[in-house]
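Quick note: numbers below take in every heavy atom, side chains included, and nothing from hydrogens, waters or symmetry partners. Counting begins at 1 with the first residue of the sequence.
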Amino acid sequence: MSGHSNASPVIAVPDADPRLYNHDLAPAAPAARSWGVFSIFAMWMSDVHSVGGYTFAASLFFLGLTGWEVLLAMAIGITAVYFLMNLIGRPSLKYGTPFPVVARMAFGVMGANIAAGLRGIVGIVWYGVQTYFASKAVQVLVLTFNPGAEAWTHSSFVGLSALGWACFLFMWLFQLLIFLNGMETIRKFIDFCGPAVYVVMFALAIWILTQTGTSSLSLQLGPPVEGSALGHMAGAAMLIVAYFAALLLNFGDFSRFAKDERAMKVGNFLGLPVNFIVFAIITVIVTAGTVKVFGEAIMDPVSIVERIGNPIVVALGSITFIVATMGINIVANFVSPAYDISNLYPEKIDFRLGGLITSILSVIVCPWIFVSSPQAITVFVSIFGAALGPMFGIMVADYYLVKRQHIVVDDLYTMSPKGSLHFQNGWNARALLALAGSAAVSIGLSLAGAYGAITNVGDWGWLIGACLGALLYMALMRGREAASPSRAVA
């Protein structure tokens with residue numbers, strides 16, 4: 001059981017096996033469903049409003065498409081994400097369970113550790129990367145107000161200067177203190193993060209417009225595209241889906257706390273299609289304006305505020321983007337590994353300890369070395385990113401087509417052979433075979449394309465993996481529908 005005092009109320013599961021159950025993995029009680037429309041909306045603002053999100057949104061306008069083509073592709077891609085998020089979030093909303101427990105529905109009560117482990121690895125690595133990016137903003141802040149600290153940048157230990165280490169460990173500890181206070185503190189923090197970034201982004205856009213006027217702005221920042229514009233638009237739409245691939249698995253970690261389905265859907269609509277497009281437009285206004293103001297297109301907002309030169313502006317901008325990076329780290333990279341690691345050994349590891357382990361492993365990854373190697377990033381994204389699509393396809397196909405949205409909640413927490421999710425000693429071999437087969441294809445295509453062996457499938461790998469995983473799983477599970485338990489379902 002989780003011992004922290006602000007733990008969320010849960011529904012007790014009688015006779016739950018301690019190998020599968022602790023307070024943090026238990027179904028959230030109605031009293032814990034405190035996330036309304038604004039909290040879900042703010043969660044997505046925290047995910048999108050980051051330095052990485054800014055750079056990603058700006059990059060879409062360098063694809064060579066016209067502004068209207070980019071906006072249309074963006075609308076199609078983010079609307080697809082909206083519907084997919086609703087699909088993956090509904091089981092957790094209905095039963096109050098986090099992603100690793102929902103994964104038990106398809107993979108078995110023990111097999112879910114495979115799915116949770118893969119998602120956890122992705123979260124840990126990107127948690128370290130985002131913490132490193134935030135520490136760079138801290139370093140800018142330090143050097144702005146204490147130029148003498150530049151002397152600390154000349155030494156190096158494991159690839160990072162003394163000042164770099166100090167800033168990284170500061171961010172590491174600061175985030176940890178917030179995160180370990182539990183999900184309610186996390187909700188309050190991300191309620192603040194996204195809106196705060198909007199204030200600074202609007203201010204930055206207004207400043208750019210006062211410097212350039214509107215005549216110099218363009219929604220097309222790259223040279224005109226060659227070939228079919230429709231093909232490039234479809235690629236841009238899939239790029240957006242792939243950007244949200246990680247949360248397309250573990251959105252249930254948040255939807256389990258939504259007040260009701262309306263709160264989830266409306267919050268998702270405001271936070272995804274509406275928010276993403278508005279943020280992208282602000283981003284391109286600022287990026288296009290930097291061409292006239294600074295003589296080049298700058299896609300890093302921290303660099304923009306640094307070049308403005310005003311210490312107050314640098315401080316405000318740096319602090320804001322530090323907060324923004326912490327926001328996305330909570331949403332995309334901390335909560336999931338904390339639950340995933342807890343799921344590996346619920347008797348001894350709760351959400352807080354899982355989060356601490358996540359933080360420690362994120363340092364061991366040495367993210368500053370990782371991001372300096374394009375080859376390492378390519379291999380990592382190809383292998384683990386391409387495995388997320390098949391998992392999504394399998395879980396959605398299982399819940400909606402095999403189980404018909406009916407689960408016996410007690411079976412999520414029992415090792416009894418009579419449980420409907422026991423399969424073979426807790427492992428659904430069919431689901432694991434579907435995952436291995438579809439992931440091998442999507443990973444193979446991604447790697448072969450990345451190294452020029454075949455035409456690069458790019459971000460279509462996620463869709464290929466998701467569809468193949470669902471189809472292969474449905475084929476392997478044919479006839480298993482009849483094996484559903486006869487007991488009353490939740």
Side-chain angles (χ1 to χ4, degrees), residues 44 47-50 52-88 201 205 216-248 268-291 297 299 377-378 381-382 385-386 388-390 392-393 396 441-442 445-446 448-450 452 454-470:
W44 290 119
D47 182 63
V48 173
H49 300 180
S50 64
Y54 179 102
T55 303
F56 171 72
S59 70
L60 296 175
F61 293 90
F62 283 89
L63 296 177
L65 298 168
T66 67
W68 288 111
E69 287 169 342
V70 173
L71 291 175
L72 180 58
M74 191 181 295
I76 293 171
I78 199 64
T79 300
V81 171
Y82 164 72
F83 284 108
L84 294 174
M85 286 294 178
N86 288 341
L87 283 178
I88 202 67
M201 285 301 298
S216 65
L217 299 183
S218 171
L219 293 181
Q220 182 175 349
L221 302 181
V225 68
E226 296 181 3
S228 170
L230 285 176
H232 288 279
M233 288 172 66
M238 269 312 305
L239 190 65
I240 293 169
V241 175
Y243 178 79
F244 289 93
L247 273 166
L248 276 170
N268 280 352
F269 181 76
L270 294 175
L272 290 168
V274 175
N275 171 64
F276 185 82
I277 292 174
V278 170
F279 184 75
I281 292 174
I282 297 173
T283 296
V284 74
I285 288 174
V286 175
T287 304
T290 60
V291 175
M299 297 172 62
I377 294 175
T378 298
V381 171
S382 295
L388 301 184
F392 178 89
V396 168
V441 172
S442 59
L445 289 174
S446 295
I454 62 172
T455 301
N456 197 337
V457 299
D459 295 289
W460 289 90
W462 186 92
L463 182 62
I464 293 170
C467 293
L468 187 58

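Inter-residue side-chain proximity for Leu248 and Val241 is flagged as met; some heavy-atom pair is nearer than 4.5 Å. Side-chain contact between Thr283 and Leu60 is absent, with no heavy atoms from C-beta onward closer than 4.5 Å. Taking 4.5 Å as the limit, every side-chain heavy atom of Leu84 sits out of range of all side-chain heavy atoms of Phe244. In this structure, the side chains of Leu247 and Trp44 come closer than 4.5 Å at one or more pairs of heavy atoms.
Contact record, Ala236 with Ala73: CB-CB, 4.0 Å, taken as the closest heavy-atom pair. In terms of heavy atoms, Ala470 sits closest to Gly393 at CB-O, 3.5 Å. In terms of heavy-atom proximity, Gly389 sits nearest to Trp462 at CA-NE1, 3.4 Å. Ala205 and Ile282 get closest at one heavy-atom pair: CB-CG2, 4.0 Å.
With rounding to the nearest 0.5 angstrom, the CD1 atom of Ile281 is 7.5 Å from the CE atom of Met74. For the atom pair Leu272 CG and Met85 CE, the distance stands at 6.0 Å (nearest 0.5 Å). Note: Ile78 CD1 to Ile76 CD1 = 12.5 Å, rounded to the nearest 0.5 Å. Between the NE2 atom in His49 and the CZ atom in Phe279 there is a gap of 5.5 Å [rounded to 0.5 Å]. We find the CD1-CZ distance between Ile240 and Phe56 to be 5.5 Å, quoted to the nearest 0.5 Å. Between the CG atom in Leu65 and the CE atom in Met233 there is a gap of 7.0 Å [rounded to 0.5 Å].
The side-chain hydrogen bond (donor to acceptor under 3.5 Å, both in side chains) test applied to Asp47 returns no partner, not counting sequence neighbours. Applying the side-chain contact (heavy atoms from CB on, under 4.5 Å) criterion to Leu468, with sequence neighbours excluded, gives Ser438, Val441.
Classification of the Tyr82-Phe269 ring pair by plane angle, with boundaries at 30° and 60°, yields perpendicular.
Side chain of Thr290 to backbone of Thr287: a donor-acceptor contact under 3.5 angstrom is found.
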